[in-house]
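What follows is a short report on a single structure.
Quick note on labels: first sequence line is chain A, next is B, and so on, each numbered from 1. Keep in mind it's a predicted model, so treat the numbers as computed, not measured.
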Number of protein chains: 2
Amino acid sequence: MEKIDLKKLAKELNLSIATVSKALRDSWEIKAETKQRVRDLADKLNYQPNPYASSMRKRKSQTIAVVIPEIANNFFSVVLDGIQVIAEKKGYHVLTYLTHESYTNEIATIKHLQSGRVDGVLMSLCSETADYQHLIRLKETGMPIVFFDRIAEIPDCPTVTTDDYESGYGATEHLLRRHCKTIAYLSLSQHTSINRKRQQGYMDALKNSPAKPAKNLAVHCGDENGSIMLAIKKLLSKKNRPDGIFASAEKLAIATYHVCNDLKLKIPGDLKVISFSNLRTASLLNPSLSTVTQPAFEIGKEACELLFRKIEKKSNNYMSEHLVLKSSLIARGSTGLDQKLK
Amino acid sequence: MEKIDLKKLAKELNLSIATVSKALRDSWEIKAETKQRVRDLADKLNYQPNPYASSMRKRKSQTIAVVIPEIANNFFSVVLDGIQVIAEKKGYHVLTYLTHESYTNEIATIKHLQSGRVDGVLMSLCSETADYQHLIRLKETGMPIVFFDRIAEIPDCPTVTTDDYESGYGATEHLLRRHCKTIAYLSLSQHTSINRKRQQGYMDALKNSPAKPAKNLAVHCGDENGSIMLAIKKLLSKKNRPDGIFASAEKLAIATYHVCNDLKLKIPGDLKVISFSNLRTASLLNPSLSTVTQPAFEIGKEACELLFRKIEKKSNNYMSEHLVLKSSLIARGSTGLDQKLK
DNA sequence: TTTTTCATCGAAAACGTTTTCGAAAAGCAG
DNA sequence: CTGCTTTTCGAAAACGTTTTCGATGAAAAA
């Protein structure tokens with residue numbers, strides 16, 4: 001089964017390579033009968049054009065890159081699903097790169113992306129990233145970039161986010177309404193854009209509360225399981241431990257559940273918990289987990305569509321678009337009324 | 001920021017393109033001093049070789065494809081993680097394609113892969129696939145293919161699987177030991193390789209049981225949530241409904257939990273449940289879910305390493321490798337003793 | 001000195017497309 | 001029949017690399 005290319009088709013048909021090429025892309029220069037002959041043989045021999053030769057000549061790769069911190073994560077995997085759906089519809093191919101929350105990985109990946117391997121980049125920053133120089137350089141090469149969720153504040157870069165400030169405010173307010181007196185805010189890193197907004201929402205909700213809780217407790221736990229468990233265990237072992245936790249990432253809530261099991265703390269009796277999460281099993285947990293759920297699939301789709309708009313006509317790259325989708329707060333057992341007495 | 005290529009470097013350095021190219025790949029033909037000059041300028045101008053030009057000339061794309069049914073799935077996303085880790089280590093790029101459990105999608109994707117876009121393919125079949133002609137054709141073009149989990153029985157194709165028969169046997173045995181009298185087996189599709197083996201294990205375990213349950217109940221639920229819920233609800237509404245369920249996919253167990261909530265059935269009191277699953281929150285569910293857990297990350301890594309062995313030396317493609325990893329059965333609350341009386 | 005070897009580099013072909021431009025043939029009007 | 005347009009096709013350049021092979025000059029051997 002030898003590789004079949006334009007030259008072979010041309011020889012077989014007694015045509016030139018140019019004619020075969022044009023026939024296959026349905027050019028008006030070629031008469032209908034010839035087109036049919038070419039297509040028939042191409043189908044018969046199962047001709048598949050070499051995408052790299054085509055990319056080189058057209059200077060378009062029909063490929064986009066998705067750069068994300070991790071893939072084994074309910075949020076990112078669903079976002080990727082949304083991206084794939086749109087990309088496939090457009091006939092584009094998707095290269096994924098994982099930074100594993102490492103800044104140096106992110107830099108290396110971004111640097112490589114200058115090579116022309118892709119026509120555009122969809123990206124969510126890693127938790128360590130505090131400097132955007134590498135991204136600015138990439139952007140200056142003319143590469144279309146769309147950020148989602150963990151965005152970089154770069155001029156003229158479209159973004160797709162959720163209403164993080166409002167969600168943070170709402171989640172905190174929810175805990176306050178459930179009579180929490182001391183509410184801790186848990187995050188992976190203080191560097192990310194989403195953390196800044198969610199934490200600000202948390203702080204403002206506390207400030208505006210009539211109860212006026214004394215202080216605000218923001219704990220940045222790092223992104224590895226070990227440090228997370230340690231930080232939470234330390235937090236919940238203090239004499240005046242919080243009675244409410246607002247986790248800004250799913251794994252923080254999971255860790256909180258485990259720590260509570262260890263420390264024999266009852267949720268929601270001793271501690272109420274609400275978390276940003278896309279867990280499909282949130283309602284089946286013990287107790288069911290109150291969540292702020294982001295529309296991950298839509299985020300992926302919207303970000304991808306925004307990217308294609310950038311790719312297809314660079315004209316409007318002076319007006320940048322910032323799409324903000326709404327998360328939904330779903331109250332469940334983990335912030336329910338005290339069940340200790342049951 | 002204009003694109004910088006070999007020609008620009010060559011002109012700047014008063015060298016030929018050939019020399020610059022060879023210097024950058026550290027050829028022995030070029031003297032050390034020249035190499036240094038070239039590298040310095042390349043670094044300074046942030047030169048990134050065009051991968052498509054390189055791919056064309058070398059007839060190697062440094063890219064592999066991963067074809068999977070879905071990505072928003074704990075198992076497949078972790079497998080992908082393992083794949084990415086190995087691929088990145090090898091300097092390879094990863095294209096992912098989702099079939100969304102559709103046979104026609106799978107065919108279209110596989111057909112496109114004949115184009116030379118990738119050097120190898122990692123694949124898990126979609127649930128509808130019962131015919132392997134498209135895969136055989138791809139293989140006959142010389143494309144290295146490694147199957148994992150849902151494999152195709154094709155001669156000389158390496159596979160990475162788990163001990164599905166033994167796990168199916170073990171899970172069923174576990175339910176029997178927990179005094180289940182009527183055990184149902186739930187699957188998405190009867191076509192997949194894993195289903196055949198797991199179901200065989202289930203049936204053999206029933207046959208070898210001293211209690212000798214009357215019949216075996218295998219229910220193929222389809223892969224969409226609607227049909228799954230319907231099938232399970234129907235199963236659990238029968239007069240002589242089963243008192244044990246062995247789910248061969250995570251989403252089947254989730255659906256079972258929801259149906260039990262609807263029908264006011266208690267797990268494990270009225271119904272014991274064990275499931276193939278990679279849920280990280282299995283232990284936090286209500287009740288905690290007994291699982292057969294596959295080593296997803298290792299599956300991804302091993303499959304990818306197998307693929308690279310195929311890519312790097314085609315010599316040993318007569319001896320095919322079939323790797324079988326062990327799943328682990330973790331007994332939890334959902335198959336615990338009757339708690340109805342508590 | 002002449003011949004051989006070695007070290008270093010460049011010219012050019014090749015990878016498989018796409019596209020520009022010109023050529024040939026055919027149709028048409030005058 | 002002549003001049004013009006239209007239709008249909010092919011030659012060749014280009015995309016940015018890699019690699020083969022030959023050229024050059026200098027050093028080593030004769």
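Distance CH2 (A/Trp28) to P (C/dT18): 17 Å, rounded to an integer number of Å. When rounded to the nearest whole Å, the span between CZ of A/Arg117 and C1' of D/dT17 equals 13 Å. Residue B/Leu13 contributes atom CG, which lies 11 Å from atom P of C/dC9 at whole-angstrom precision. If you take NZ of A/Lys22 and P of D/dT8, they are 12 Å apart, rounded to a whole angstrom. Distance CD (B/Glu29) to P (D/dC21): 12 Å, rounded to an integer number of Å. If you measure from atom CG of B/Leu24 to atom C1' of D/dT17, you get 11 Å, rounded to the nearest angstrom. Atom CZ of B/Arg37 is separated from atom P of C/dT8 by 14 Å (rounded to the nearest Å). Taking atom CG of B/Leu9 as the reference point, atom C1' of C/dC9 lies 17 Å away to the nearest angstrom.
When distances run from any side-chain atom of A/Ala18 to the nucleotides D/dA11, C/dT20, C/dC9, the shortest one goes to D/dA11.
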Assess whether side-chain hydrogen bond (donor to acceptor under 3.5 Å, both in side chains) is satisfied between A/Asp81 and A/Gln84, documenting all intermediate values. CA-CA 5 Å; A/Asp81 200 359; A/Gln84 293 266 6; over 6 Å; no
Take A/His93 and B/His112 through the ring pair (Phe, Tyr, Trp, His ring centres under 6.0 Å) test and state the conclusion after the steps. CA-CA 11 Å; A/His93 301 258; B/His112 171 86; 4.7 Å; yes
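Each of A/Ile17 and B/Lys31 lies near DNA chain C, and the nucleotide nearest B/Lys31 is the one positioned closer to the 5' end.
At least one side-chain nitrogen or oxygen of B/Thr19 sits closer than 4.0 Å to the OP1 or OP2 atom of C/dG10. For the pair A/Ser21 and C/dT18, the criterion of a side-chain N or O lying under 4.0 Å from OP1 or OP2 is met.
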Can you give the donor-acceptor pairs under 3.5 Å from side chains of residues 6-15 of chain A to other protein atoms, not counting sequence neighbours?
residue, atom, partner, partner atom, Å
A/Lys8, NZ, A/Lys3, O, 2.7

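Within the nucleic acid shown, A/Ser55 has no heavy atom closer than 4.0 Å to any nucleic acid atom.
For A/Glu106, the side chain to side chain donor-acceptor pair (under 3.5 Å) partners at least two apart in sequence or on another chain are A/Thr129, A/His134. When the ring pair (Phe, Tyr, Trp, His ring centres under 6.0 Å) test is applied to B/Phe76, no partner is found at least two apart in sequence or on another chain. Residues passing the ring pair (Phe, Tyr, Trp, His ring centres under 6.0 Å) test with A/Phe308 are A/Tyr92, sequence neighbours excluded. Contacts of B/Arg39 classified as salt bridge (Lys or Arg N to Asp or Glu O under 4.0 Å), with partners at least two apart in sequence or in another chain: B/Asp26.
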Polar pairs (N or O, both sides) under 3.5 Å between protein and nucleotides 14-16 of chain D?
residue, atom, partner, partner atom, Å
D/dA14, N3, A/Arg57, NH1, 3.2
D/dC15, O3', A/Arg59, NH2, 3.1
D/dC15, O2, A/Arg57, N, 3.3
D/dG16, OP1, A/Arg59, NH2, 2.1
D/dG16, N2, B/Ala53, O, 3.4

